[in-house]
Chemist: 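Here it is, the structure in full.
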Amino acid sequence: MDAQTSLLDRLFDAGLLIDTGVEGLYGRSGQFEDVIAAFERYIDTFGGADGAEAIRFPPGMNRAYFEKSGYMKSFPQLAGTVHSFCGCELDHVSLLKSMDDGTDWTGEQKATNIVLTPAACYPLYPTIAKRGNLPAKGGLYDLQSYCFRHEPSTDPARQQLFRMREYVCMGTEQHVTDFRQTWMDRGVKMMAGLDLPVEIDVANDPFFGRAGKMLANNQRDQNLKFELLIPITSVSKPTACMSFNYHQDAFGTKWGLNLEDGAVAHTACVGFGLERIALALFHHHGLDVKQWPEKVRKALWG
Ligand code: ATP
Ligand code: ZN
């Protein structure tokens with residue numbers, strides 16, 4: 001059995017994650033959720049004084065915004081769309097018959113106006129653009145959402161529905177790159193406070209196809225994405241538990257995000273993979289939270 005399956009099985013056995021029969025789709029126990037809640041409060045102790053505006057979107061977003069975002073150009077393999085039955089009574093009869101026959105009943109399902117949110121910040125950009133120019137000090141937002149990515153796996157750190165906590169910064173190039181550096185430094189400090197071993201490395205997004213290879217290389221060459229990695233199921237391939245992304249003025253241009261003087265805004269975001277951080281804690285400190293080092297318990301629960 002490989003390390004991924006064995007950790008997943010141990011999490012099921014301990015009742016921390018609950019099997020649903022689908023890879024990457026799990027229930028969470030109260031204890032697992034308590035670790036995530038404590039870690040989110042821990043984030044607040046580092047970022048709370050920055051005065052970010054908190055906004056919570058549901059895990060589905062406006063399909064028109066999703067289409068405009070270009071997600072299907074870059075990551076069609078990961079997207080999830082919401083489809084519903086929109087037929088008449090006759091269609092209903094044939095749907096039920098297909099189900100009874102065990103043939104495909106989903107073909108007639110129609111796309112709704114909702115798409116599953118792929119990253120917590122996606123619904124933010126059009127929302128902020130609608131408000132008009134940014135204030136003189138720029139914009140800073142605190143987000144958290146369940147996100148969907150179609151990447152079924154037996155690695156418990158690669159789920160299909162997982163939570164991302166994010167801070168998003170909008171402003172001048174200097175302002176948003178300073179923001180990103182601040183969070184890279186904070187991320188290292190935060191994980192040290194939880195006795196988790198980390199390294200920071202340059203990274204790229206999983207762009208689709210052959211053209212995607214060029215986009216990925218470009219992203220790396222320009223240092224647009226960094227990740228904070230913690231070993232969970234592999235030491236040689238540690239898991240990305242935070243990411244630090246500088247979008248230059250790409251989102252500013254796409255969504256019409258402007259500074260107070262009308263110039264196009266630059267944007268950056270930092271994301272915490274909440275399940276991955278909880279799993280890193282369970283992997284390094286054991287499945288019984290009561291046995292975690294006093295220092296770690298104190299940092300999380302006071
Ligand atoms: P990876 O390279 O591991 O697939 P990513 O580059 O896709 O990660 P981002 O798009 O930057 O990750 O997402 C922000 C954060 O969300 C990641 O740093 C990670 O902690 C978390 N995350 C991403 N994908 C998953 C997943 N499938 N399951 C759990 N957490 C995830
Ligand atoms: Zn990914």
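For ligands, and for the atoms within them, numbers begin at 1 and follow the listed sequence. This is a predicted model, so every value here is computed, not measured. Start at 1 with the first residue, then count along the sequence.
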Chemist: For E151, take its heavy atoms, then give the atoms of ligand 1 lying under 4.0 Å from any of them.
Modeler: 24 (N), 26 (C), 27 (N)
Chemist: Measure from atom 14 (C) of ligand 1 to every heavy atom in S243, P152, P238 and give the option owning the shortest one.
Modeler: S243
Chemist: Indicate, with yes or no, if the rings of F12 and Y26 have centres closer together than 6.0 Å.
Modeler: yes
Chemist: For ligand 1, is any non-hydrogen atom under 4.0 Å from M164's backbone (N, CA, C, O), its side chain (CB onward), both, or neither?
Modeler: side chain
Chemist: Can you tell me if Y141 uses its side chain to pair, donor with acceptor, with the backbone of I55 under 3.5 Å?
Modeler: no
Chemist: With heavy atoms of M242 as the reference, note each atom of ligand 1 found under 4.0 Å away.
Modeler: 18 (O)
Chemist: Please determine if R149 has a nitrogen or oxygen closer than 3.5 Å to a nitrogen or oxygen of ligand 1.
Modeler: yes
Chemist: Considering R163, Q159, E227, K225 one by one, which has a heavy atom nearer to atom 11 (O) of ligand 1 than any of the others?
Modeler: K225
Chemist: Using a 3.5 Å distance criterion without hydrogens, assess whether the side chain of R180 forms a donor-acceptor pair with backbone atoms of L224.
Modeler: yes
Chemist: Decide if the gap between the ring center of W292 and the ring center of F282 is smaller than 6.0 angstrom.
Modeler: yes
Chemist: For the pair R149 (side chain) and L78 (backbone), establish whether a donor and an acceptor sit closer than 3.5 Å, ignoring hydrogens and angles.
Modeler: no
Chemist: Does CZ belonging to R210 count more than 12 external heavy atoms closer than 6.0 Å?
Modeler: no
Chemist: Just to be sure I'm reading this right: ignoring hydrogens, which of R276, R165, E166, Q160 gets closest to atom 3 (O) of ligand 1? Compare them by their nearest heavy atoms.
Modeler: R276
Chemist: Please state which protein non-hydrogen atom is closest to atom 20 (O) of ligand 1 and give its distance, to 0.1 Å?
Modeler: A240 O, 2.9 Å
Chemist: Would a distance-only check, ignoring hydrogens and angles, find a side-chain to backbone donor-acceptor pair under 3.5 Å from Q77 to P206?
Modeler: yes
Chemist: Could you point out which residue of F148, W255, Y71 forms a ring-ring contact (aromatic ring centres under 6.0 Å, His included) with Y122?
Modeler: Y71
Chemist: Specify the protein heavy atom at minimum distance from atom 21 (C) of ligand 1: its residue, its atom name, and the distance to 0.1 Å.
Modeler: G273 CA, 3.7 Å
Chemist: Report the part of A203 (side chain from C-beta onward, or backbone N, CA, C, O) that has a heavy atom under 4.0 Å from ligand 1; answer both or neither where that applies.
Modeler: neither
Chemist: Among all protein heavy atoms, pick the one closest to atom 4 (O) of ligand 1 and tell me residue, atom and distance.
Modeler: R158 NH1, 2.9 Å
Chemist: Starting from atom 22 (N) of ligand 1, what is the nearest protein heavy atom, named by residue and atom, and what distance separates them?
Modeler: F162 CE1, 3.4 Å
